[in-house]
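FYI, side chains are in, hydrogens and waters are out, and symmetry mates aren't considered; it's all heavy atoms of this structure.
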Amino acid sequence: MIVLSWPPAALSPNARKLASKAKWRAANKEKIKASSAKYYLDNKARIDAANAAWTLKNPKWKANNYAANKEKIKIRDAIYYENNKEKIRIRSAQWRDKNKEKIKIKSKIYRSANPLALRTLEHSRRAREKNAIGKLSVGITEKLFKLQKGKCACCGKPLGDDYHLDHRMPLALGGSNEDWNMQLLRKRCNLQKKDKHPIKFMQERGFLL
(Lines give C-alpha, C1' and ligand atoms only; values in the text may rest on other atoms or scores of the structure.)
Protein backbone atom coordinates (compact mmCIF):
# COMPACT_ATOMS: atom_id res chain seq x y z
CA MET A 1 0.00 0.00 0.00
CA ILE A 2 1.24 3.46 -0.93
CA VAL A 3 0.76 6.15 1.73
CA LEU A 4 0.52 9.70 0.38
CA SER A 5 1.65 12.49 2.65
CA TRP A 6 -0.14 15.82 2.89
CA PRO A 7 0.97 18.19 1.60
CA PRO A 8 2.66 16.16 -1.19
CA ALA A 9 6.39 15.97 -0.56
CA ALA A 10 7.12 16.67 -4.24
CA LEU A 11 5.89 20.25 -3.86
CA SER A 12 8.19 23.08 -2.85
CA PRO A 13 7.97 24.27 0.80
CA ASN A 14 6.01 27.37 -0.24
CA ALA A 15 3.62 25.36 -2.43
CA ARG A 16 3.05 22.85 0.39
CA LYS A 17 2.26 25.71 2.76
CA LEU A 18 -0.29 27.18 0.33
CA ALA A 19 -1.82 23.73 -0.26
CA SER A 20 -2.21 23.18 3.49
CA LYS A 21 -3.90 26.57 3.89
CA ALA A 22 -6.26 25.79 1.02
CA LYS A 23 -7.15 22.43 2.57
CA TRP A 24 -7.76 24.04 5.97
CA ARG A 25 -9.98 26.77 4.45
CA ALA A 26 -12.00 24.14 2.56
CA ALA A 27 -12.57 22.18 5.78
CA ASN A 28 -13.46 25.26 7.86
CA LYS A 29 -15.71 27.32 5.56
CA GLU A 30 -18.45 27.91 8.12
CA LYS A 31 -15.97 28.76 10.87
CA ILE A 32 -14.23 31.29 8.61
CA LYS A 33 -17.58 32.74 7.51
CA ALA A 34 -18.74 33.21 11.12
CA SER A 35 -15.39 34.73 12.13
CA SER A 36 -15.44 37.16 9.20
CA ALA A 37 -19.02 38.20 9.99
CA LYS A 38 -18.13 38.83 13.64
CA TYR A 39 -15.06 40.83 12.67
CA TYR A 40 -17.12 42.99 10.31
CA LEU A 41 -19.78 43.69 12.96
CA ASP A 42 -17.09 44.57 15.51
CA ASN A 43 -15.38 46.94 13.05
CA LYS A 44 -18.30 48.04 10.84
CA ALA A 45 -17.78 51.81 11.09
CA ARG A 46 -14.05 51.61 10.34
CA ILE A 47 -14.46 49.13 7.46
CA ASP A 48 -17.33 51.07 5.87
CA ALA A 49 -15.37 54.32 6.11
CA ALA A 50 -12.29 52.72 4.55
CA ASN A 51 -14.36 51.20 1.74
CA ALA A 52 -16.10 54.53 1.05
CA ALA A 53 -12.74 56.36 0.96
CA TRP A 54 -11.29 53.76 -1.43
CA THR A 55 -14.34 54.00 -3.70
CA LEU A 56 -13.97 57.80 -3.89
CA LYS A 57 -10.35 57.40 -4.95
CA ASN A 58 -11.31 54.78 -7.56
CA PRO A 59 -14.57 56.06 -9.12
CA LYS A 60 -14.32 53.84 -12.21
CA TRP A 61 -13.72 50.62 -10.29
CA LYS A 62 -17.39 49.62 -9.99
CA ALA A 63 -18.16 50.23 -13.67
CA ASN A 64 -14.98 48.48 -14.82
CA ASN A 65 -15.58 45.52 -12.51
CA TYR A 66 -19.17 45.14 -13.73
CA ALA A 67 -18.11 45.36 -17.38
CA ALA A 68 -15.43 42.70 -16.86
CA ASN A 69 -17.68 40.35 -14.86
CA LYS A 70 -21.17 41.14 -16.17
CA GLU A 71 -22.37 37.57 -16.68
CA LYS A 72 -20.78 36.30 -13.46
CA ILE A 73 -22.43 39.10 -11.46
CA LYS A 74 -25.83 38.45 -13.06
CA ILE A 75 -25.63 34.75 -12.18
CA ARG A 76 -24.47 35.52 -8.63
CA ASP A 77 -27.30 38.03 -8.11
CA ALA A 78 -29.88 35.62 -9.53
CA ILE A 79 -28.74 32.85 -7.17
CA TYR A 80 -28.77 35.23 -4.19
CA TYR A 81 -32.29 36.40 -5.07
CA GLU A 82 -33.60 32.83 -5.39
CA ASN A 83 -32.13 31.91 -1.99
CA ASN A 84 -33.29 35.07 -0.20
CA LYS A 85 -36.65 36.04 -1.75
CA GLU A 86 -38.50 36.45 1.53
CA LYS A 87 -35.67 38.37 3.20
CA ILE A 88 -35.41 40.70 0.19
CA ARG A 89 -39.20 41.22 0.13
CA ILE A 90 -39.30 42.15 3.83
CA ARG A 91 -36.24 44.41 3.54
CA SER A 92 -37.70 46.18 0.49
CA ALA A 93 -41.06 46.69 2.23
CA GLN A 94 -39.31 48.15 5.30
CA TRP A 95 -37.25 50.50 3.13
CA ARG A 96 -40.32 51.70 1.23
CA ASP A 97 -42.17 52.29 4.48
CA LYS A 98 -39.30 54.42 5.84
CA ASN A 99 -38.81 56.41 2.61
CA LYS A 100 -42.35 57.19 1.45
CA GLU A 101 -41.70 60.90 0.85
CA LYS A 102 -38.40 60.20 -0.91
CA ILE A 103 -40.11 57.67 -3.19
CA LYS A 104 -42.98 60.08 -3.87
CA ILE A 105 -40.61 62.87 -4.95
CA LYS A 106 -38.48 60.52 -7.04
CA SER A 107 -41.60 59.09 -8.71
CA LYS A 108 -42.89 62.57 -9.53
CA ILE A 109 -39.57 63.55 -11.12
CA TYR A 110 -39.46 60.30 -13.13
CA ARG A 111 -43.05 60.69 -14.33
CA SER A 112 -42.35 64.23 -15.46
CA ALA A 113 -39.18 63.22 -17.34
CA ASN A 114 -40.48 59.94 -18.84
CA PRO A 115 -44.06 60.34 -20.09
CA LEU A 116 -43.54 57.74 -22.83
CA ALA A 117 -42.30 55.08 -20.44
CA LEU A 118 -45.33 55.69 -18.22
CA ARG A 119 -47.67 54.87 -21.08
CA THR A 120 -46.00 51.49 -21.45
CA LEU A 121 -46.19 50.86 -17.69
CA GLU A 122 -49.87 51.80 -17.61
CA HIS A 123 -50.67 49.37 -20.42
CA SER A 124 -48.71 46.62 -18.69
CA ARG A 125 -50.68 47.25 -15.50
CA ARG A 126 -54.00 47.01 -17.35
CA ALA A 127 -52.82 43.85 -19.10
CA ARG A 128 -51.99 42.21 -15.76
CA GLU A 129 -55.44 43.09 -14.42
CA LYS A 130 -57.05 41.37 -17.41
CA ASN A 131 -54.60 38.43 -17.31
CA ALA A 132 -53.51 39.19 -20.87
CA ILE A 133 -50.49 37.33 -22.20
CA GLY A 134 -47.25 39.06 -23.20
CA LYS A 135 -45.08 41.92 -22.03
CA LEU A 136 -44.21 45.14 -23.85
CA SER A 137 -40.56 45.77 -24.62
CA VAL A 138 -38.68 48.76 -23.25
CA GLY A 139 -38.96 51.76 -25.57
CA ILE A 140 -41.92 50.39 -27.55
CA THR A 141 -43.60 53.82 -27.65
CA GLU A 142 -40.53 55.49 -29.13
CA LYS A 143 -40.15 52.68 -31.70
CA LEU A 144 -43.77 52.99 -32.82
CA PHE A 145 -43.52 56.78 -33.05
CA LYS A 146 -40.57 56.39 -35.40
CA LEU A 147 -42.21 53.62 -37.45
CA GLN A 148 -45.43 55.61 -37.80
CA LYS A 149 -43.43 58.77 -38.59
CA GLY A 150 -45.34 60.64 -35.89
CA LYS A 151 -48.71 59.98 -37.56
CA CYS A 152 -51.87 58.42 -36.13
CA ALA A 153 -52.35 54.81 -37.28
CA CYS A 154 -56.08 55.49 -37.70
CA CYS A 155 -56.53 58.89 -39.34
CA GLY A 156 -52.99 59.63 -40.52
CA LYS A 157 -52.87 63.04 -38.84
CA PRO A 158 -49.92 64.15 -36.63
CA LEU A 159 -50.12 62.44 -33.25
CA GLY A 160 -49.57 65.59 -31.19
CA ASP A 161 -48.31 65.55 -27.61
CA ASP A 162 -51.25 63.75 -25.98
CA TYR A 163 -51.34 60.63 -28.19
CA HIS A 164 -52.28 57.21 -26.78
CA LEU A 165 -50.58 53.81 -26.87
CA ASP A 166 -53.34 51.46 -28.04
CA HIS A 167 -53.89 47.71 -28.31
CA ARG A 168 -55.01 47.04 -31.89
CA MET A 169 -57.08 44.10 -30.70
CA PRO A 170 -58.43 45.33 -27.34
CA LEU A 171 -57.56 43.40 -24.19
CA ALA A 172 -61.31 43.15 -23.51
CA LEU A 173 -61.66 41.14 -26.74
CA GLY A 174 -58.75 38.82 -25.97
CA GLY A 175 -55.93 40.89 -27.43
CA SER A 176 -52.41 40.25 -26.11
CA ASN A 177 -50.06 42.72 -24.46
CA GLU A 178 -47.29 42.23 -27.04
CA ASP A 179 -45.40 44.66 -29.27
CA TRP A 180 -47.03 43.45 -32.48
CA ASN A 181 -50.49 44.29 -31.10
CA MET A 182 -49.61 47.91 -30.33
CA GLN A 183 -50.10 51.16 -32.24
CA LEU A 184 -50.17 54.89 -31.54
CA LEU A 185 -53.42 56.82 -32.00
CA ARG A 186 -54.42 60.42 -31.56
CA LYS A 187 -56.27 60.91 -28.28
CA ARG A 188 -59.57 61.54 -30.07
CA CYS A 189 -59.25 58.42 -32.25
CA ASN A 190 -58.45 56.19 -29.29
CA LEU A 191 -61.33 57.52 -27.19
CA GLN A 192 -63.67 56.79 -30.10
CA LYS A 193 -62.20 53.31 -30.62
CA LYS A 194 -62.38 52.25 -26.94
CA ASP A 195 -62.84 48.45 -26.85
CA LYS A 196 -64.26 48.05 -30.34
CA HIS A 197 -62.98 45.40 -32.72
CA PRO A 198 -60.41 47.08 -35.02
CA ILE A 199 -62.22 46.05 -38.22
CA LYS A 200 -65.59 47.30 -36.96
CA PHE A 201 -64.04 50.57 -35.84
CA MET A 202 -62.33 51.21 -39.18
CA GLN A 203 -65.58 50.37 -41.00
CA GLU A 204 -67.36 52.99 -38.90
CA ARG A 205 -64.69 55.47 -39.95
CA GLY A 206 -65.25 54.63 -43.61
CA PHE A 207 -61.83 53.03 -44.21
CA LEU A 208 -63.05 49.42 -44.72
CA LEU A 209 -66.07 47.94 -46.50
Side-chain angles (χ1 to χ4, degrees), residues 29-30 32-145 161-167 170-172 174-182 184 187 190-191 195:
K29 285 183 179 179
E30 291 304 316
I32 294 170
K33 186 177 179 180
S35 177
S36 297
K38 183 179 184 305
Y39 180 82
Y40 174 73
L41 288 175
D42 292 342
N43 299 274
K44 188 175 185 303
R46 180 176 62 80
I47 293 173
D48 287 349
N51 287 340
W54 188 90
T55 301
L56 284 174
K57 292 180 180 179
N58 300 271
K60 294 183 179 181
W61 173 83
K62 191 171 183 179
N64 292 339
N65 180 62
Y66 180 78
N69 300 279
K70 190 174 181 180
E71 289 305 314
K72 188 186 295 184
I73 292 171
K74 285 173 68 175
I75 294 172
R76 181 201 66 191
D77 290 348
I79 293 173
Y80 179 81
Y81 176 77
E82 283 300 319
N83 293 333
N84 298 274
K85 282 184 179 179
E86 187 59 22
K87 183 164 66 174
I88 293 171
R89 186 190 67 77
I90 294 172
R91 190 168 58 201
S92 297
Q94 290 174 340
W95 186 89
R96 288 194 300 271
D97 189 56
K98 290 179 181 178
N99 295 273
K100 288 181 179 179
E101 283 304 313
K102 185 178 180 179
I103 293 172
K104 189 176 180 180
I105 294 171
K106 191 174 181 179
S107 177
K108 188 175 182 180
I109 293 172
Y110 179 83
R111 287 173 177 276
S112 177
N114 299 275
L116 300 183
L118 290 177
R119 292 172 185 172
T120 303
L121 291 173
E122 174 60 21
H123 277 68
S124 295
R125 181 190 64 76
R126 286 177 51 217
R128 287 195 300 273
E129 290 177 352
K130 295 180 180 293
N131 295 317
I133 63 170
K135 182 179 180 181
L136 300 181
S137 64
V138 176
I140 181 60
T141 306
E142 295 90 330
K143 293 175 186 175
L144 288 172
F145 193 93
D161 295 328
D162 58 350
Y163 59 88
H164 288 189
L165 180 61
D166 171 63
H167 291 92
L171 297 176
S176 65
N177 191 48
E178 297 175 283
D179 291 358
W180 63 267
N181 193 39
M182 307 307 298
L184 299 182
K187 181 179 179 180
N190 195 40
L191 291 177
D195 289 334

Query - Heavy-atom side-chain contact between Met182 and Leu165 under 4.5 Å - result: yes

Query raised in the report: Are more than 12 heavy atoms from other residues, nucleotides or ligands located less than 6.0 Å from atom OH of Tyr81?
Result: no

Query raised in the report: What is the distance from atom CG of Leu136 to atom NE2 of His167, rounded to the nearest 0.5 Å?
Result: 5.5 Å

Query raised in the report: Is there a donor-acceptor contact under 3.5 Å from the side chain of Asp179 to the main chain of Ser137?
Result: yes

Requested in this report: Please work out which of the three classes, parallel, tilted or perpendicular, describes the rings of Trp54 and Trp61, given edges at 30° and 60°.
Outcome: perpendicular

Query raised in the report: Heavy-atom count around Lys187 NZ within 6.0 Å, excluding the residue itself: above 12?
Result: no

Query raised in the report: Are the charged groups of Lys33 and Glu30 less than 4.0 angstrom apart, N to O?
Result: no

Query raised in the report: Once you round to the nearest 0.5 Å, how far does CD1 of Ile88 lie from CZ of Arg91?
Result: 6.0 Å

Query raised in the report: Quick one: does Asp97's side chain get under 4.5 Å of Gln94's, heavy atoms only?
Result: no

Query raised in the report: For Asn65, what residues pass the side chain to side chain donor-acceptor pair (under 3.5 Å) criterion, not counting sequence neighbours?
Result: Asn69

Report task. Answer yes or no: is there a donor N or O on one side and an acceptor on the other, between the side chain of Asn181 and the main chain of Ser176, under 3.5 Å? Result -> yes

Query raised in the report: Between CG of Asn64 and NZ of Lys62, what distance do you get to the nearest 0.5 Å?
Result: 12.5 Å

**Report entry** Nearest-0.5 Å distance, NZ of residue Lys38 to CG of residue Asn43
**Finding:** 9.0 Å

Query raised in the report: So does Asn51 have more than 12 non-hydrogen atoms from other groups sitting under 6.0 Å from CG?
Result: yes

Query - Qualifying residue, where the test is side-chain contact (heavy atoms from CB on, under 4.5 Å) with Lys74 and the options are Lys70, Lys72, Arg76 - result: Lys70

